[in-house]
Amino acid sequence: MSTIKISEDLRNLLYSLPEVDVESLLESYQKPIRQSIRVNTLKAREEDVLNILREKGVELEKIPWTRYGYWVINDINLSNMLEHMLGLIYIQGAVSMAPVEVLSPKPGEFILDLCAAPGSKTTQIAQALQGEGVIVANDVNVKRIRALSSNVQRCGVINCVITQADGRKFPLWAKGFFDKVLVDAPCTSLGIVSKDWGAAKNWSFRASERLSKLQLSLAISGFDCLKVGGVMIYATCTLSPQENEWVIDRLITIRPSACLKSIKLEGLKMSKGILEWQHNKFNPELEQCVRVYPYEHEAEGFFMAKIVKEGDDS
Ligand SMILES: C[S@@+](CC[C@H](N)C(=O)[O-])C[C@H]1O[C@@H](n2cnc3c(N)ncnc32)[C@H](O)[C@@H]1O
């Protein structure tokens, strides 16, 4: 097995994280992430899709924490299959399905997906809405919006409006409007290194710090677009506290009506949010955030925070 090269900064970061098994993490970086799919019930009945896939030799096992998610047990290229092209299935990482499960969209709700492209979570939200309610799927990047648009179409989503804007500006148009908001923020991707080794080779504290300022602005913007009583999920696929706990710590300080809630998902191994890191001491409430490490399920690493807007202070 080839040995992955990681930057000096990244090595220092990993050894600074409490309770992380660095050896297992580095080992997981060298293995491919287990393949998984979501059956898209907007297009067909779950049982029918499962039967078609099984007849074609796809071996599946239910993922416990996500309603329509399945591990693919055998080595098979799903992206060439008709069922993928027709939108009967969406190839999506098992842990990447968790933020929408926590968001728990309900038919009839108005939902903002602030950083939406290429649309795995937008299409998952649409599935939960069952055609009732509206999703506004926004992204700043035109090229990625093309992929978003194609995935929305492929999956048979009819109640999605796609916008191209800097998410930081969204409260100008939609302050206090949405029932639920997902901020799946751009990040340094330390939870998906096996898909993108560059993330580990080039990782730096400086880049992570720079990105955390954008992430904080996006989190505040998403929060300001919530109605009172609304729910926001902030998620990243990275491990750096600067892009995770620091962002949420700042958010709940700047917006006192932002209240953190606990996250429960059956079968998903989660660690609590970090309360002390380098020279930072975070609000004890940050324990309610969760971290999922890539070695726990041979899947992606993720950070998630669930925030409820309990008043209006924006
Ligand atoms: C982690 S990806 C989102 C993945 C997507 N939610 C999914 O599940 O398929 C982060 C996205 O944030 C977008 N982004 C970066 N800066 C942004 C900004 N200022 N406003 C809105 N989107 C932004 C990127 O173009 C990228 O598509």
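Both ligands and their constituent atoms are indexed starting at 1 by order of listing.
Between Ala185 and ligand 1, no pair of N/O atoms sits closer than 3.5 Å. Looking at ligand 1, you'll find an N or O of Asp139 within less than 3.5 Å of one of its N or O atoms.
Taking the charged nitrogens against the carboxylate oxygens, Glu59 and Arg54 have no contact shorter than 4.0 Å, which rules out a salt bridge. Between Glu245 and Arg291, at least one side-chain N (NZ, or NE/NH1/NH2) sits under 4.0 Å from a carboxylate O, which counts as a salt bridge. A salt bridge links Asp179 with Lys227: the closest approach of a Lys/Arg side-chain nitrogen to an acidic carboxylate oxygen falls below 4.0 angstrom. Here Glu310 pairs with Lys261 in a salt bridge; the nearest charged N to carboxylate O distance falls below 4.0 Å. Residues Arg67 and Glu46 are paired through a salt bridge, judged by an N-O separation under 4.0 Å between the basic side chain and the carboxylate.
Aromatic ring pairs are classed by plane angle as parallel below 30°, tilted from 30° to 60° and perpendicular above 60°; the pair Phe170 and Phe178 is tilted.
The part of Asn138 lying near ligand 1 is the side chain, judged by heavy-atom distances below 4.0 Å. The backbone and the side chain of Lys121 each have at least one atom closer than 4.0 Å to an atom of ligand 1 (non-hydrogen atoms only). Contacts between Cys237 and ligand 1, counted as non-hydrogen atom pairs separated by less than 4.0 Å, are absent for every part of the residue. Under 4.0 angstrom from ligand 1, the non-hydrogen atoms of Leu114 all belong to its backbone. Residue contacts with ligand 1, taken as heavy atom pairs separated by less than 4.0 Å, do not involve Cys187 at all.
Glu19 and Tyr293 share no donor-acceptor pair across their side chains, judged by distance under 3.5 Å alone.
Atoms of ligand 1 found under 4.0 Å from any heavy atom of Pro186 (numbered from 1 in listed order, with element): 10 (C), 12 (O), 15 (C), 16 (N). Remark: ligand 1 atoms within the under-4.0 Å shell around heavy atoms of Asn141 are 25 (O). Close contacts between ligand 1 and Arg144 involve ligand atoms 2 (S), 25 (O), 26 (C), 27 (O) [criterion: under 4.0 Å to a heavy atom].
Of all protein heavy atoms, the one lying nearest to atom 19 (N) of ligand 1 is Asp166 OD1, 3.0 Å.
Considering Asp184, Leu218, Leu214 only, the shortest heavy-atom separation from atom 6 (N) of ligand 1 involves Asp184.
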*asked:* side-chain contact (heavy atoms from CB on, under 4.5 Å) for Met85 and Arg154? Distances and angles first, verdict last.
replied: CA-CA 7 Å; Met85 293 171 201; Arg154 184 172 62 85; 5.5 Å; no
